[in-house]
*Asks:* 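Before I ask anything, here is the structure I am working with.
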Amino acid sequence: MIRATTLIALAVLFSTVAASWAFQECPKEYYDQCVDEMINKCRRQSEMTGSWSDRLRMDAALEGRKLNFYSDRRQDLVEALKEQEIECRPHPVEHFLIKTYYRVEGR
């Protein structure tokens, strides 16, 4: 009985610690940095407009449109990330930014 109680107490403790870690507030500077990284990524990929490949030129054009979108709406995107409380990890932030682009632009 004591062992079961100890295991339950440990489980509650670990779940509380994990929950508090998962829902920690992400600093605005982190979102700023992520949006800047996305802008730089789009900028690098948009420079392939002179490629010999039609597909790479099409991708470069798309990345150019994304670059304009993220650059023009940079502050709005940072505020939306903060408001939506997107997790402090690169993948969820990038997913949110890409999803927002396609939801707004519809392409």
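Numbering starts at 1 and runs along the sequence shown. Remember, it's a predicted structure, so these values are computed and weren't measured experimentally.
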*Asks:* Are there more than 12 heavy atoms of other residues, nucleotides or ligands under 6.0 Å from atom CZ of Arg103?
*Replies:*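 Enclosed.
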*Asks:* For Cys26, is there any backbone N or O sitting under 3.5 Å from a side-chain donor or acceptor partner on Lys82?
*Replies:* yes
*Asks:* Distance from Cys34 atom SG to Leu81 atom CG, nearest 0.5 Å?
*Replies:* 7.5 Å
*Asks:* Provide the closest heavy-atom pair for Ser46 versus Gly64 in the form atom of the first, atom of the second, distance.
*Replies:*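 Closest approach of Ser46 to Gly64: CB-N, 3.6 Å.
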*Asks:* Decide whether Leu67 and Phe96 are clustered together by the hydrophobic rule: side chain heavy atoms of Ile, Leu, Val, Met, Phe, Trp, Tyr closer than 4.5 Å, transitively.
*Replies:* yes
*Asks:* Dump the intermediate steps for side chain to side chain contact (heavy atoms under 4.5 Å, CB included) on Glu94 and Met38, then the final yes or no.
*Replies:* CA-CA 7 Å; Glu94 187 172 325; Met38 181 64 90; 3.2 Å; yes
*Asks:* Quick one, Gln33 with Glu29, criterion side-chain hydrogen bond (donor to acceptor under 3.5 Å, both in side chains). Give me CA distance, side-chain angles, the key distance, then yes/no.
*Replies:* CA-CA 6 Å; Gln33 178 185 357; Glu29 293 78 22; over 6 Å; no
*Asks:* Decide yes or no for Met48 and Arg57: does some side-chain heavy atom of the first lie under 4.5 Å from some side-chain heavy atom of the second?
*Replies:*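 They are not in contact (no side-chain heavy atoms under 4.5 Å apart), so the answer is no.
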*Asks:* Do Met58 and Tyr102 belong together in a cluster built from hydrophobic side chains that touch within less than 4.5 Å?
*Replies:* no
*Asks:* Just verifying a value: how many Å separate Glu79 CD and Leu77 CG, rounded to the nearest 0.5 Å?
*Replies:*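 Glu79 atom CD to Leu77 atom CG measures 9.5 Å (nearest 0.5 Å).
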*Asks:* What about Tyr30 and Ile39, same hydrophobic cluster or not, with Ile/Leu/Val/Met/Phe/Trp/Tyr joined at side-chain heavy-atom distances under 4.5 Å?
*Replies:*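 Cluster IDs for Tyr30 and Ile39 match.
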*Asks:* Can you say whether the rings of Phe69 and Tyr101 are parallel (under 30°), tilted (30 to 60°) or perpendicular (over 60°)?
*Replies:*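 Ring orientation of Phe69 relative to Tyr101: perpendicular.
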*Asks:* Rounded to the nearest 0.5 Å, what's the gap from CD on Gln75 to CZ on Arg73? Could you check?
*Replies:* 14.0 Å
*Asks:* How long is the straight-line distance from CZ of Arg65 back to OH of Tyr70, given to the nearest 0.5 Å?
*Replies:* 12.0 Å
*Asks:* From Gln45 CD over to Asp59 CG, what is the distance, rounded to the nearest 0.5 angstrom?
*Replies:* 8.0 Å
*Asks:* Do NZ/NE/NH1/NH2 and the carboxylate oxygens of Glu63 and Lys66 come within less than 4.0 Å?
*Replies:* yes
*Asks:* Nearest 0.5 angstrom please: Glu87 CD to His95 NE2, how far?
*Replies:* 12.0 Å
*Asks:* Would you check if Cys42 and Ser71 make a side-chain contact, meaning some heavy-atom pair closer than 4.5 Å?
*Replies:*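 Counting from C-beta outward, Cys42 and Ser71 never come under 4.5 Å.
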*Asks:* Is there a donor-acceptor contact under 3.5 Å from the side chain of Tyr31 to the main chain of Ile86?
*Replies:* yes
